[in-house]
2 protein chains.
Amino acid sequence: MGQAAAAQVSANDGALSAKRGAILTGASEIFLNVGYGAASMDAIAQAAGVSKQTVYAHFGAKDTLFEAIIQQKCDDLLAPASAMEEDCRDVAVVLRDIAERFINAILSPENMRLFRAIVGESTRFPELAEAFYRAGPRKAADGLAAYLEAVNERRELCVANPKRSAELFFAMLRNDLYMRRVLGIDRSFDQNEAAPLVDQAVRAFIDAHRCEET
Amino acid sequence: MGQAAAAQVSANDGALSAKRGAILTGASEIFLNVGYGAASMDAIAQAAGVSKQTVYAHFGAKDTLFEAIIQQKCDDLLAPASAMEEDCRDVAVVLRDIAERFINAILSPENMRLFRAIVGESTRFPELAEAFYRAGPRKAADGLAAYLEAVNERRELCVANPKRSAELFFAMLRNDLYMRRVLGIDRSFDQNEAAPLVDQAVRAFIDAHRCEET
DNA sequence: GTCTATAAAAGGATAGAC
DNA sequence: GTCTATCCTTTTATAGAC
């Protein structure tokens, strides 16, 4: 019996994060699909393939589990960060590059579901809403602002207020499409819809920041 | 007994919409403040000042009540509609006017709460999400597109695709501020924050649609 | 139509064995 | 750590008197 117990303990130690990982995965699935309110702990346990008590053993309660999930997803958003101040290609090319990456990121089904879940509970979990904002929109705008400042010094464009201009650029990219996707009106992830938005935004942005050539 | 019954019936007829109105008001308050999931029928009945059974007598169930409320709010959005194709003032002036009305409308606490409630339940109630989109963003863009078409024919601006340009204009106005408000990060309804956005959007829009003066 | 009281079910959280 | 079985609160919805 002692041996059996020891074997089981070591097995548990070895698989320390196995169950925990399963819970995180299952809970993500449920929370992001149906939102906080409609997600039941039973459904989460079932999706994770563990018992409900195991879920409670790892995370104390439903709200802390939700916070852990969402916080992790927000941190993942921070990952693809790259400095672009040094990028010396033509401004239009760089902007187009940034635009395509941005629009693919925000329109991804993953990000859509995350955003919906956070908006729905922004009153109950204000910290999560702020974490999302910082990891997503804020970080993107800061990165672009740094690039625009360099562009301004190189006299390639005339950017009086980099932060404001960066926010404008991303706002133009979200356009109506982001709204439609958030509302679930456009279900498909149609690449062809996004391409014209990139064109439009880059062109309009450059027109609005062209240096006066008196 | 026949007389008493008749009297009661007529009394009920007279106050037919009194209780119903109270329910609509109370339910709006609850639903828009805490969302569909967190709203209990008890809380709604209490807010309306009626018994729970009265709520069920008027609206069969929680979801139909929610639909009735949200649908009504969306219809209210449609009310302030005015044709502006005929407005012959300077384009910059008209756009500024449109911009200010738009930004005040979408940033109003009322609209914010409506939007959050709809987004949170866009999976469960897709029709409501679509109703909101049509009554709000879609309708605003259509109205501006009609105006831009007239402007284009008058050669005041060069607008190749009125619908696309209209969507761009409103996207520029939402900017980062709409996102922050939706997430509940900016709590206050600060007018001073919106004014620079109007400036920026009108200027950028005109720059991007200026007719070539070869 | 409106109320009070109650049924019926779902869901968050815990107890105790292993 | 993990499971099965259970508790208890909340919540939707209904019954029946007036």
Side-chain angles (χ1 to χ4, degrees), chain A residues 1-27 29-31 33-69 120-121 124-125, chain B residues 1-27 30-31 33-69 121 124-125:
Chain A
M1 196 165 81
Q3 282 180 349
Q8 187 163 7
V9 165
S10 63
N12 285 341
D13 281 350
L16 180 134
S17 30
K19 295 268 178 183
R20 190 187 176 87
I23 295 171
L24 287 170
T25 306
E29 199 59 30
I30 301 291
F31 276 136
N33 275 338
V34 306
Y36 179 78
S40 76
M41 294 298 268
D42 286 280
I44 289 171
Q46 192 175 358
V50 299
S51 85
K52 205 163 44 160
Q53 177 60 26
T54 303
V55 178
Y56 277 97
H58 280 272
F59 309 85
K62 188 185 178 182
D63 54 0
T64 53
L65 175 57
F66 184 69
E67 283 169 7
I69 299 284
E121 301 300 328
R124 206 200 298 241
F125 301 98
Chain B
M1 197 165 81
Q3 283 180 349
Q8 188 164 3
V9 166
S10 65
N12 285 342
D13 280 351
L16 180 133
S17 32
K19 296 267 178 183
R20 190 186 175 87
I23 295 171
L24 286 170
T25 307
I30 302 291
F31 276 136
N33 274 340
V34 305
Y36 179 79
S40 78
M41 294 297 267
D42 285 282
I44 289 171
Q46 191 175 358
V50 300
S51 86
K52 207 166 38 164
Q53 178 59 25
T54 303
V55 178
Y56 277 97
H58 281 271
F59 309 85
K62 188 183 176 182
D63 55 358
T64 53
L65 176 57
F66 184 68
E67 283 167 8
I69 299 284
E121 302 299 328
R124 205 200 298 241
F125 301 99

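Residue numbering restarts at 1 for every chain, and letters A, B, ... go by the order of the sequence lines.
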So B:Phe31 and B:Tyr36, would you call those rings parallel, tilted or perpendicular, with 30° and 60° as cut-offs? parallel
Just the rounded figure in Å: distance from P of C:dT6 to OH of B:Tyr56. 18 Å
Rounded to the nearest 0.5 Å, what separation is found between the OG atom of A:Ser40 and the CD atom of A:Gln46? 8.5 Å
Among C:dC3, D:dA13, C:dG12, find the nucleotide with the atom closest to the side chain of A:Lys62. C:dG12
In whole Å, I'd like the distance from the CZ atom of A:Phe59 to the P atom of D:dG1. 11 Å
Rounded to the nearest 0.5 Å, what's the gap from CD1 on A:Ile44 to CD1 on A:Ile69? Could you check? 7.5 Å
For B:Asp63 and D:dA13, give me the distance from atom CG to atom C1', rounded to whole Å. 12 Å
I need the CD1-P distance between B:Ile30 and D:dT10, as an integer number of Å. 16 Å
Close side-chain approach of B:Thr54 to B:His58, heavy-atom, < 4.5 Å: yes
Measuring from B:Asp63:CG to B:Arg124:CZ, what's the distance to the nearest 0.5 Å? 8.0 Å
Atom-pair distance (NE2 on A:His58; P on D:dC3), nearest Å: 9 Å
Separation between CZ (A:Phe59) and OG1 (A:Thr64), nearest 0.5 Å, reads 8.0 Å
Strand-adjacent residues in residues 33-54 of chain A, judged by heavy atoms under 4.0 Å from DNA chain C: A:Ala39, A:Ser40, A:Met41, A:Lys52, A:Gln53
